[in-house]
Amino acid sequence: MKILVINCGSSSLKYQLIDSESEAVLAKGLCERIGIDGRLVYQPAGGEKEMVEAAMPTHTEAIRMVLDYLVNEKTGILKSLDEVDAIGHRVLHGGAKLTSSVLIDDAAIAVIDECCDLGPLHNPANLMGIRACMELMPGKPNVAVFDTAFHQTMPPKAYMYGIPYEYYEKYQIRKYGFHGTSHSFVSKEAIKFLGLDKDNSKVIVAHLGNGSSISAVENGKCVDTSMGLTPLEGLVMGTRSGDLDPAVLEYIARKEGKDIFELLTMLNKKSGVMGVSGVSSDFRDLDEASKAGNERATLALDMFSYRVAKYIGSYVAAMNGVDAIAFTAGIGENDAAMREKICSYLGYLGITIDPEANSKRGSNQVISTPDSRVTVAVIPTNEELAIARETVELVK
Ligand code: ADP
């Protein structure tokens, strides 16, 4: 089957056309600056990357342009759109009602719409992508794959907040967790790659990218994760604060006359390693600045690794043990020094890292020594492939 995978943000859209039998990417790219002016990047497998500026007032024009590039005579890799068997959409929030991927129909759209309250930046954009595909490719099955779904197996003791119960009853305020597609893909890959028994395994996945989250996966099921009602909770991230005393908000509000919306923007966009260092949210820039003697960049990197190590420790406690720790995403896959720094806190688990294995890149890799009591691995994530696989499952 040929599956078009769509990941819509508010002004951007990433896409991949995947052949589900070979799992090869036939073409990929992105549309940026939707609603502003518009730019498309298109790359067919083995072909040149093209970049064009074109008006994209809405996601519909952006998707129309992607479809045209897939079939036109010059750049196309399909004879016609009939060859696309289904479309898989990444959707941020499925709330508590959508606990696994679904074939999109009116009822699913209504629930995704209801969840706009919980994912105000993403769910509306995801819906725009879904509606555009339905309009431009009528009759083709569309599947929604939720960032929250994998975490729906968490028990109440993990997902409830210690606030009055009425807020859970009235508004479903609880931990949902995100990056679920990645945590699901990486935990499954780790179990397969490391030869673990799925039904008797304890795996911790550290998805460390621009947004970062950790999950505890026991017997293939998520039992806890670091992000919460929104992606703001948990680790110190690129620009997000992660966990902090909520009273900090009231204090800054009072001192600086800021309202709750300004404060949340500050916590989401101006905090994390960016806010602490004042340098960048990108770990390559932070490494460089730290090596050049920038103390705040060093502090930001120390805070990041310390928080990750503390979460790993808490998830070892949650599962009463751990067989494997898997690092993934931009930092987890590429930043060997950061992996080593995090693992330097984990000696009490009997973890030792092999520096040579830790320096390799690009594929599944065990980075702990053979005598390490817990196996540590790098497992590259592939959310698009995971979405394509889920889509095939639902339409075949
Ligand atoms: P997202 O998908 O959340 O936007 P990614 O998983 O692509 O993010 O991660 C992006 C981040 O990965 C960058 O901001 C950067 O900090 C980090 N990163 C990427 N490559 C490297 C590298 N070679 N060394 C250190 N950090 C890296």
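Read the numbers this way: they start at 1 and go in the same order the structure lists the ligands and their atoms.
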| request: Using heavy-atom distances, let me know which of Leu286, Asn210, Asp335 sits nearest atom 1 (P) of ligand 1. | output: Asn210

Identify, for [atom], the protein heavy atom at the shortest distance, and state residue, atom and that distance.
atom	value
atom 6 (O) of ligand 1	Gly330 N, 2.9 Å
atom 24 (N) of ligand 1	Arg284 CG, 3.5 Å
atom 15 (C) of ligand 1	Asp282 OD1, 3.4 Å
atom 17 (C) of ligand 1	Ile331 CG1, 3.5 Å
atom 16 (O) of ligand 1	Phe283 N, 2.8 Å

| request: Can you sort out which atoms of ligand 1 are near Gly211, meaning under 4.0 Å from one of its heavy atoms? | output: 3 (O)

| Short list, please: which atoms of ligand 1 are under 4.0 Å from a heavy atom of Ala329? | 6 (O)

| task | Could you tell me whether Lys396 and Glu393 have a side-chain N and a carboxylate O separated by less than 4.0 Å? | result | yes

| query | With the threshold set at 4.0 Å, does a side-chain nitrogen-carboxylate oxygen contact exist between Lys97 and Glu114? | reply | yes

| task | Please round to the nearest 0.5 Å and tell me the distance separating atom CG of Leu136 and atom CE of Met65. | result | 13.5 Å

| said: Tell me if the aromatic rings of His183 and His151 count as close, with their centers under 6.0 Å from one another. | reply: yes

| request: Would you please test Glu288 and Lys291 for salt bridge (charged side-chain N to carboxylate O under 4.0 Å, His left out) and show each step? | output: CA-CA 5 Å; Glu288 208 175 293; Lys291 284 188 185 116; over 6 Å; no

| message | One residue to check: Arg361. Relative to ligand 1, which of side chain, backbone, both or neither has a non-hydrogen atom less than 4.0 Å away? | response | side chain

| task | Apply the test salt bridge (charged side-chain N to carboxylate O under 4.0 Å, His left out) to residues Arg389 and Glu23: give CA-CA distance (whole Å), side-chain angles for both, the deciding distance (0.1 Å), then the verdict. | result | CA-CA 9 Å; Arg389 286 180 183 167; Glu23 299 201 329; 2.8 Å; yes

| note | Besides Val111, the hydrophobic cluster formed by Ile, Leu, Val, Met, Phe, Trp and Tyr side chains linked at under 4.5 Å, directly or via other members, contains Val91, Leu98, Val102, Ile104, Ile109, Ile112, Leu127, Ile130, Met134, Phe146

